[in-house]
Colleague: 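Got a structure here, written out as structure tokens. Questions coming.
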Amino acid sequence: MNLEGKQQIWKDYQKEIADDRYFYARSCIRQTFFPGSEWAYLDIMKNKLAKDVIDDPRHTTCTGIGYHSDIVPAETIMTVVARHFALMTEAGYENMTPSCITSFGIYTEILETWHHHPEVEEKIREFLWKATKREFKKPRNLAHTSDIIYKFRNEIAAQAKYKLVDVHTGRPLRGVDHIGCHYSKMFPTKGIGGAEFPAVLSGMIYAWGGDVIDYPERRHCCGFGFRQYLVMANRGYSVANSKKKFESMQPYEPDFIVANCPGCAMFMDKWQYTISEMEGTTYGQDGYGIPVLTYEELTALVLGYDPWEIGLQMHQVSVEPLLDKMGISYNPEAKFKNIRGEDIGVPKCPTYLRV
Amino acid sequence: MQQYEYTNKIYYDHFVLPFTIGLVVLLGYLCVKYYKWIKSFPKEERKKIRKGLFSFKTIRSGWEIFRESLLHHNIFKTNPMLGYMHMTFAFGWFLLIVVGKIESMVYHTSAFNPPYFAIFFRYFHPAKETFPHSEFFAFLMDLILTFLLIGILLAVTKRFCSRIFGMKKTTKQRAYDLLILTVLWLIFPVRFLAESFTSGLNGGGSFLTHNAGNFFSGFLPLESLSYPAWWLYSSLLGLFFLLLPFSRYMHIPTEMVYIFLKNWGVKQGKEYNGFSEIQVNSCSRCGICINTCQLNTSCNINDTQPVYFFRRLRNHEEYAQQAEDCLMCGRCENSCPVGINLNAIRQSKRPDILRVTKDTYAYVPQPEVKPAKVAYFAGCMSHLTPGIIKSMLQIFEKTKADYTFIDEKAGVCCGRPLALSGNWKAAQVVMDKNLQMIDASQADILVTSCPICYKTFKEDYLLNIKVMHHTEYIDMLIREGKLKVNALDLKTVFHNPCELGRGCGVVEAPESVLKQVSQKIPTVYDGKKSLCCGGSLANTVIDATQKTKISSDTVKAYAAYQPDIIVTACPLCKKTLGKTSLEIPVKDIAELVAEA
Amino acid sequence: MINFWGYSISETRSINYDTNDKSMTEYIARVVPSSKLCIGCGGCTAGCTAGNLTNFNIRKIQMLMKRGENKEAKEQLQKCMLCGKCMLVCPRGVETRKMILEMLNYIKTKLKS
Amino acid sequence: MAKVIIIGGGPAGCEAAHQLANQGIDVELVEKNNETGGNLNNWYQLFPDRKSAKDLNDILKQNLNHPKIQLHLGMEPRKIEKNKEGKFLVPLSDGSLLEGDSLLISTGFKIFDARRKEEYGYGIYENVITSVELENMFYNHSIQMVNGNTPKRIGIIHCVGSRDEKVCNYHCSKLCCITGVKQAIELRELLPDTEIFCFYMDMRMFGPGYEEMYREAQEKYNIKFVRGRLSEAAENLNKQLQIKVEDTLVGKPLRMTLDMMILLVGMESSEGSRQMADTLGLNLAPNGFIKSQDPHYRNNNTNVEGVFVAGCGSAPMNLTDTLADARSAAMSIMEYIKRI
């Protein structure tokens with residue numbers, strides 16, 4: 001791997017990211033499965049980077065899951081998204097930052113559609129007005145929240161309490177950067193580093209002292225695909241995709257996987273359990289599986305947040321081996337306790353995957 | 001040498017032992033071997049032997065043995081020089097035995113004397129004594145010996161200089177063959193020496209041995225040479241008998257057995273059995289098959305002709321490639337002086353590799369067939385030469401025939417290509433499919449344009465309706481006056497397809513038709529002597545280039561007659577010859593008839 | 001593999017050339033060198049009786065065989081009637097009939113497992 | 001005495017100069033590099049006869065030893081003007097000024113920058129090279145992976161930068177197919193035990209002897225041809241390339257590991273051609289090459305009177321066609337000069 005060659009490509013794919021004043025759009029999957037992630041993101045933005053982020057409780061799902069499952073028509077999703085823009089406009093913000101990759105892809109797609117077909121935009125403005133009596137301005141800047149973290153990766157590195165380095169050996173930790181398909185595969189110029197060698201997550205890893213694994217199935221989809229996962233008969237296909245990736249990355253002995261798409265993080269985490277139960281195969285070291293983090297969680301760990309405070313106990317694959325390597329101290333007793341010290345329940349022990 | 005004194009004691013000397021033992025062992029071996037082979041025949045074939053044994057067929061066999069095994073009439077026809085060589089050997093030796101036997105009987109006045117007595121008669125016969133016609137017999141025996149010695153001279157010449165015999169190649173030999181060949185060559189010269197030495201000592205003999213004896217006595221110590229010469233003669237004979245069953249000379253006795261069996265109607269089936277063994281052992285390795293083989297003449301392939309293929313079978317050598325490396329054109333079979341079923345035996349040695357289950361070819365649908373008097377089966381290959389089909393349909397229409405084109409849409413293969421590749425079981429499955437279709441047509445006559453199909457329809461389908469190749473059908477139409485043709489102003493040569501002419505004996509019909517529609521030029525390739533186009537499916541060893549070479553050589557041979565058109569009667573021949581014949585068009589007879 | 005909650009992990013459809021058994025294609029390349037000349041025109045299959053009545057596709061089968069995917073060859077080849085029409089139309093002079101025979105031969109004698 | 005200025009000293013420029021000089025025309029040949037030959041200098045052997053490129057280049061160079069030919073090596077034309085008398089004024093980078101009756105543009109082609117096909121990883125994966133770099137390896141008779149090992153499996157990727165909407169090149173570069181076949185054969189000669197694959201979209205064997213060479217590559221040299229376009233390549237731990245194509249003739253995705261991957265880079269309009277078009281107001285074809293006035297009859301003429309084009313400046317073409325085109329351009333120029 002020739003890093004200079006990659007950097008040459010990265011130079012070609014730089015995009016404009018706003019400095020401040022972000023309108024935050026939450027993700028259905030992220031807030032359900034990794035609730036600590038979005039909290040951590042907002043906390044980092046506000047308290048560590050001192051940025052103005054508005055998290056408007058009135059915004060809804062973008063209906064992307066329904067749209068990609070052929071349930072929600074294009075006009076509907078556009079109108080829903082238009083409402084988000086209206087909320088942003090009303091709040092006096094111009095920079096849209098969705099947390100979800102699907103949303104990011106949809107926003108991009110809708111803005112592109114309107115760009116090429118102004119008549120559609122007109123129609124949607126009309127729909128929105130009829131439905132809600134709202135008007136909107138299109139965002140001046142659209143960036144995924146991982147783009148924001150990428151933008152401030154060096155500032156974060158400056159405040160970091162931990163580095164992505166094995167404290168016992170001094171070896172940089174090997175991270176797998178998994179980019180959500182809808183981040184840049186549909187519109188390569190909208191992603192940092194383009195579609196072939198996206199730099200958004202690897203940029204963070206490098207900035208925080210880690211190393212990135214470039215394994216053959218790097219570009220492959222995690223297998224989520226709404227229609228694949230939602231229909232039970234297709235789930236075998238979905239899990240086969242993740243398996244293909246795990247088998248391809250395994251020889252590189254990754255220490256962790258980081259994803260910018262909530263769906264990817266969820267599936268790469270949960271499918272490891274499924275594969276182990278189905279086939280008795282585990283990946284990673286010593287049967288623990290490969291820890292899968294969202295980029296918010298990774299950022300929070302680097303900045304010294306408590307692992308249980310950012311919700312790492314919600315993961316299927318245990319993160320403790322990674323915490324040990326990074327030298328992060330944590331209280332094993334507190335893992336399945338809430339803030340008030342009450343038990344939140346302990347998951348059933350898997351057959352093969354070590355916890 | 002006190003034996004010369006005339007006494008009444010039994011004629012015996014130790015030196016007859018090698019000959020006698022050799023003969024007894026040989027006869028014993030042959031009896032066991034033939035019994036075993038014949039026992040392995042299928043039941044119905046064995047029945048034929050029982051039926052034929054006391055019929056006229058046996059006498060006919062005797063005549064054929066005389067003509068072929070002794071006079072070598074067929075070899076004579078192909079190559080007079082070679083025929084003469086074989087004849088002097090076989091017939092000469094035969095006469096030597098027969099006349100010698102008569103001589104000994106006349107002398108002994110009894111038919112019962114030990115078998116060796118006639119053979120070594122000159123040794124036991126006291127020269128001073130005379131018996132009725134002894135001078136005449138001596139003359140006759142010397143004459144026959146001379147005849148034989150000339151034969152040997154020819155054989156030696158052939159071995160070292162085969163071109164004199166007009167043969168490009170003669171059979172290659174292994175060490176064992178050379179040994180027995182040497183023994184055979186030595187037998188008669190040694191007999192000549194033994195008889196001459198005896199004559200030189202004691203007189204007797206005639207123009208050859210007597211004079212030679214006198215000549216030798218001038219400078220050789222005959223006293224000490226004569227007796228060893230007889231020992232040598234007997235030993236050579238004995239050795240020859242012992243070596244014979246494991247050598248090419250096994251053909252001498254086996255060919256006779258084969259001629260009987262053949263005349264009694266025993267047939268070579270799909271399986272390799274004792275009858276095949278008998279045929280393989282009947283091959284005299286005359287090598288005629290090598291020169292007729294186009295793989296030899298066009299591609300210089302010289303290890304697969306029947307003579308070599310059979311030698312591998314006899315010697316239990318690897319033969320898989322040779323089994324496949326054959327066009328099955330039948331040119332060798334047509335010229336084989338022994339009349340061995342060369343193709344059938346080779347085919348029986350091709351492995352049956354297709355797994356046949358109830359699903360095999362189950363996908364073939366039963367097509368709807370319109371019933372009619374004449375069923376027309378074009379064949380797979382004809383669908384690649386639509387001109388033939390179109391012409392046949394025109395002829396049917398012109399003659400207002402009540403016909404049905406049974407493989408117009410969904411025809412399947414006739415099964416012969418499968419059979420040719422050894423897969424007889426799978427072939428039968430395909431044949432069943434076609435049989436159902438032919439039955440459904442309720443036709444009285446089955447006409448096909450493809451000689452490959454024709455052969456298998458005739459031989460394997462066991463149809464109870466008339467099967468005709470389209471050339472025969474057209475010929476019939478013309479004879480019956482149903483089809484009027486005009487002679488075209490075209491000079492033609494006829495390439496009779498292998499499967500049609502040699503394969504099924506259809507020679508007159510196409511030639512008669514062709515003579516009526518064009519000016520047919522007679523060629524040396526007419527009838528069963530036709531060449532192979534090279535496109536044969538049967539050979540899976542040679543590559544496309546070699547096939548093309550055969551095809552272009554064949555076209556060249558016909559082109560020498562400067563025809564306007566090369567006419568054939570087979571879609572495969574048409575395509576194959578058409579591939580290389582760039583100057584002269586190649587057409588099917590049917591196409592010519594349709595134009596005429 | 002157990003059927004886990006109503007589904008199981010799908011097997012890949014893709015050809016894994018690295019791990020496939022290429023012994024058959026090596027054998028065929030050696031005994032039928034002309035087979036290497038195929039350009040995939042499909043002439044052989046167009047006129048094939050079995051090819052028109054079933055999914056037997058000699059062009060595809062030999063291509064798969066060349067990639068070490070022998071399963072289809074094993075399943076399909078028995079449908080061939082060996083009529084040789086394919087050989088007559090091949091623009092590259094591939095000895096298709098011989099190739100089929102040799103493939104059958106190989107499957108029967110060497111590809112038992 | 002008539003004078004022709006030729007811009008570009010590749011094979012087309014050299015040949016046209018030689019032909020014109022032989023007809024008694026004064027020729028000024030301007031070449032930006034310090035030697036003539038252009039892209040031919042990067043080639044080892046020519047297809048389909050495998051003649052040495054250097055030998056041909058030497059002949060072309062020798063032909064320039066002509067009293068009528070003035071060589072201007074290492075020079076680039078500045079702004080070109082056509083004066084009222086219809087003469088072309090060409091100021092050179094060294095300050096000198098050429099004046100001629102006619103102008104021949106033989107500015108050739110540019111090799112597609114393989115980096116633009118990011119998914120193929122050129123410049124990123126160490127064992128991905130271009131066909132031009134491979135020619136250089138042939139010069140040295142040594143084919144090695146970066147780690148010094150002999151590659152056991154090589155893949156040659158056709159149509160890199162040609163016939164590809166994703167890089168805005170709709171055109172076919174014509175000579176890559178046969179180059180791929182030639183290079184595969186050359187590879188086989190150097191590496192008898194290596195598996196060699198060509199991944200193609202179509203095999204366009206347009207020239208005499210090309211199809212025969214393709215056939216030979218298959219049969220004699222055992223080169224394996226897979227009809228399918230490479231979608232992506234990735235590097236594994238051993239620095240091998242894991243590639244994904246569809247074997248379209250089978251209808252299945254095909255994955256395999258290559259030790260070395262060779263990209264048959266296509267042709268694009270050269271910088272020089274674009275500059276000339278800019279400065280002279282020449283029309284460009286949609287593929288960026290200089291547009292001929294008529295593709296059949298007046299193929300060396302441009303939309304500007306007195307400006308002619310020869311060789312790959314007007315379209316991708318092989319060497320045979322380039323030289324023929326140069327001779328044809330010389331004829332057209334002669335005709336033009338007689339007329340004025």
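Note on naming: letters A, B, ... go to the chains in the order of the sequence lines (proteins, then strands), and numbering restarts at 1 for each one. Side chains included, hydrogens not; waters and symmetry mates left out as well; all remaining heavy atoms used.
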Colleague: With a 4.5 angstrom heavy-atom cut-off, could you sort out which part of C:V31 is near chain B: side chain, backbone, both or neither?
Modeller: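 For C:V31, neither part sits under 4.5 Å from chain B.
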Colleague: What's the separation between atom CG in B:D359 and atom NZ in C:K79, rounded to the nearest 0.5 Å?
Modeller: 9.5 Å
Colleague: Drop me the distance from B:K433's NZ to C:M81's CE, to the nearest 0.5 angstrom.
Modeller: 8.0 Å
Colleague: Using a 4.5 Å cut-off on heavy atoms from C-beta on, say whether the side chain of B:L572 contacts that of C:L88.
Modeller: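 A side-chain contact under 4.5 Å exists here.
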Colleague: Less than 4.5 Å to any heavy atom of chain B: does that hold for the side chain of C:C80, its backbone, both, or neither?
Modeller: backbone
Colleague: So for B:Y361, is it side chain, backbone, both, or neither that comes closer than 4.5 Å to the heavy atoms of chain C?
Modeller: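 For B:Y361, side-chain heavy atoms alone lie under 4.5 Å from chain C.
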Colleague: Counting only non-hydrogen atoms closer than 4.5 Å, can you tell me which residues of residues 531-543 of chain B sit against chain C?
Modeller: B:L537, B:T540, B:V541, B:I542, B:D543
Colleague: Residues two or more places apart in sequence or in another chain: which of them pass side chain to side chain donor-acceptor pair (under 3.5 Å) with B:T548?
Modeller: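 Testing B:T548 for side chain to side chain donor-acceptor pair (under 3.5 Å), a comparison that skips the adjacent residues, returns B:K579.
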Colleague: Shorter than 4.5 Å, heavy atoms on both sides: which option in B:P351, B:C380, B:A544, B:C414 has the most such pairs with chain C?
Modeller: B:C380
Colleague: Could I get the full list of side chain to side chain donor-acceptor pair (under 3.5 Å) partners for B:Y376, not counting sequence neighbours?
Modeller: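 For B:Y376 the side chain to side chain donor-acceptor pair (under 3.5 Å) partners, ignoring immediate neighbours, are B:S449.
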Colleague: Is it the side chain or the backbone of B:L354 that comes within 4.5 Å of chain C heavy atoms, both, or neither?
Modeller: both
Colleague: Would you please go through residues 421-429 of chain B and name the residues with a non-hydrogen atom below 4.5 Å from one of chain C, in numerical order?
Modeller: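 Result: B:S421, B:N423.
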Colleague: Give, as side chain, backbone, both or neither, the part of C:M87 having an atom under 4.5 angstrom from any heavy atom of chain B.
Modeller: side chain
